[in-house]
Amino acid sequence: MKDSLKHQGMRNKLALTVEAKGIKDKKVLKAIKSIPRHLFMDSSFEDHAYQDKAFPIAAEQTISQPYTVAFQSELLEIKTGDKILEIGTGSGYQTAVLLEMGAQVYSIERQHELFKKTSRFLPKLGYKPKRLIFGDGYKGLEEEAPFDGIIVTAGAPFVPTPLLAQLKIGGKLVIPVGDETQIMTRFVRKSATEFEKTEYGDFRFVPMLEDKN
Ligand code: SAH
């Protein structure tokens, strides 16, 4: 698989679609225009890579819909150099978006197959996260905390307390909360003990699962 002008053209269109749906952050739109999403998918789905849809990847997981990736990334309000923790590396597409936006990225994945595959794949495209971790995102990543932002890319049945605890003051947790469908929720840390919570409507994710290591 490789990249081509045709793919570039489709990505430009995809960025316009996502913009038309309400995404304004220029860094997010530029990332969508830059990242060869078709390379993050199984070749059988390559033709669909630039539709604004989620698709299956390995281990019964999905690559999130571009609009959803853009929506969550915009809510993080990333500045260059921000330290961001991602829960649910999956295909690495969201990781690549965060890197294109100038963040330092730490990402945790609980499926070993995906962890291995994406750990090998991202550097091949020139994407260098600070760390990819095989483990349980419910615990966050205490040794690297605090973070400017934490993004959860699986549907969380509840808000894990360690994730709130690992935010800087002013830091943001963006997390889809719920069982069948999820409400996109953002917590902004106002002080050691106060969090401002805002809800942003319904989304649908694969479930955030408890540790099976
Ligand atoms: N960001 C990914 C989305 C993948 S789907 C992408 O753009 O492709 C969600 C991912 O979260 C899956 O890979 C799933 O295995 C992972 N996941 C689910 N529960 C988890 C947990 N407790 N800790 C870490 N990863 C988890």
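Both ligands and their constituent atoms are indexed starting at 1 by order of listing.
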Does the side chain of [X] come under 3.5 Å of the side chain of [Y] through a donor N or O and an acceptor N or O?
X      : Y      : answer
Ser191 : Glu194 : yes
His38  : Tyr50  : yes
Ser73  : Gln94  : yes

Lys NZ or Arg CZ of Arg37 over Tyr93 ring: under 6.0 Å, within 45°: yes
Contacting atoms of ligand 1, where contact means under 4.0 angstrom from a heavy atom of [X]:
X      : answer
Val206 : 5 (S), 9 (C)
Gln94  : 1 (N), 7 (O)
Ile108 : 24 (C), 25 (N)
Tyr138 : 22 (N)
Thr153 : 1 (N), 2 (C), 3 (C), 5 (S), 9 (C)
Thr62  : 3 (C), 4 (C), 5 (S), 8 (O)
Met208 : 18 (C), 19 (N), 22 (N)
Ser64  : 3 (C)

Check each heavy atom of [X] against ligand 1 and say whether those closer than 4.0 Å belong to the side chain, the backbone, both or neither.
X      : answer
Thr95  : neither
Arg110 : both
Pro207 : backbone
Glu86  : side chain

The single option from Lys83, Lys172, Lys168 passing side-chain hydrogen bond (donor to acceptor under 3.5 Å, both in side chains) against Asp148: Lys168
Parallel, tilted or perpendicular: ring planes of Phe203 versus Tyr67, cut at 30 and 60 degrees: parallel
Geometric class of the Phe45/Phe55 ring pair [parallel <30°, tilted 30-60°, perpendicular >60°]: tilted
Nearest-option assignment for atom 1 (N) of ligand 1, heavy atoms, candidates Gly88, Ala156, Gly90: Gly88
Heavy-atom nearest option to atom 23 (N) of ligand 1, drawn from Gly137, Ala58, Ala54, Gly155: Gly137
Val69 touching ligand 1 at heavy-atom level, < 4.0 angstrom: no
Backbone of Ile133 reached by a side-chain donor or acceptor of Arg131 within 3.5 Å: no
Backbone N/O of Leu132 and side chain of Ser107: donor-acceptor pair under 3.5 Å: no
Residues Glu100, Lys30: salt bridge by 4.0 Å N-O rule: no
Heteroatom distance test (Ser91, ligand 1): nitrogen or oxygen, under 3.5 angstrom: yes
Sub-3.5 Å N/O-N/O distance, Glu109 and ligand 1: yes
Interatomic distance, Tyr106 atom OH to Ile87 atom CD1 [nearest 0.5 angstrom]: 13.5 Å
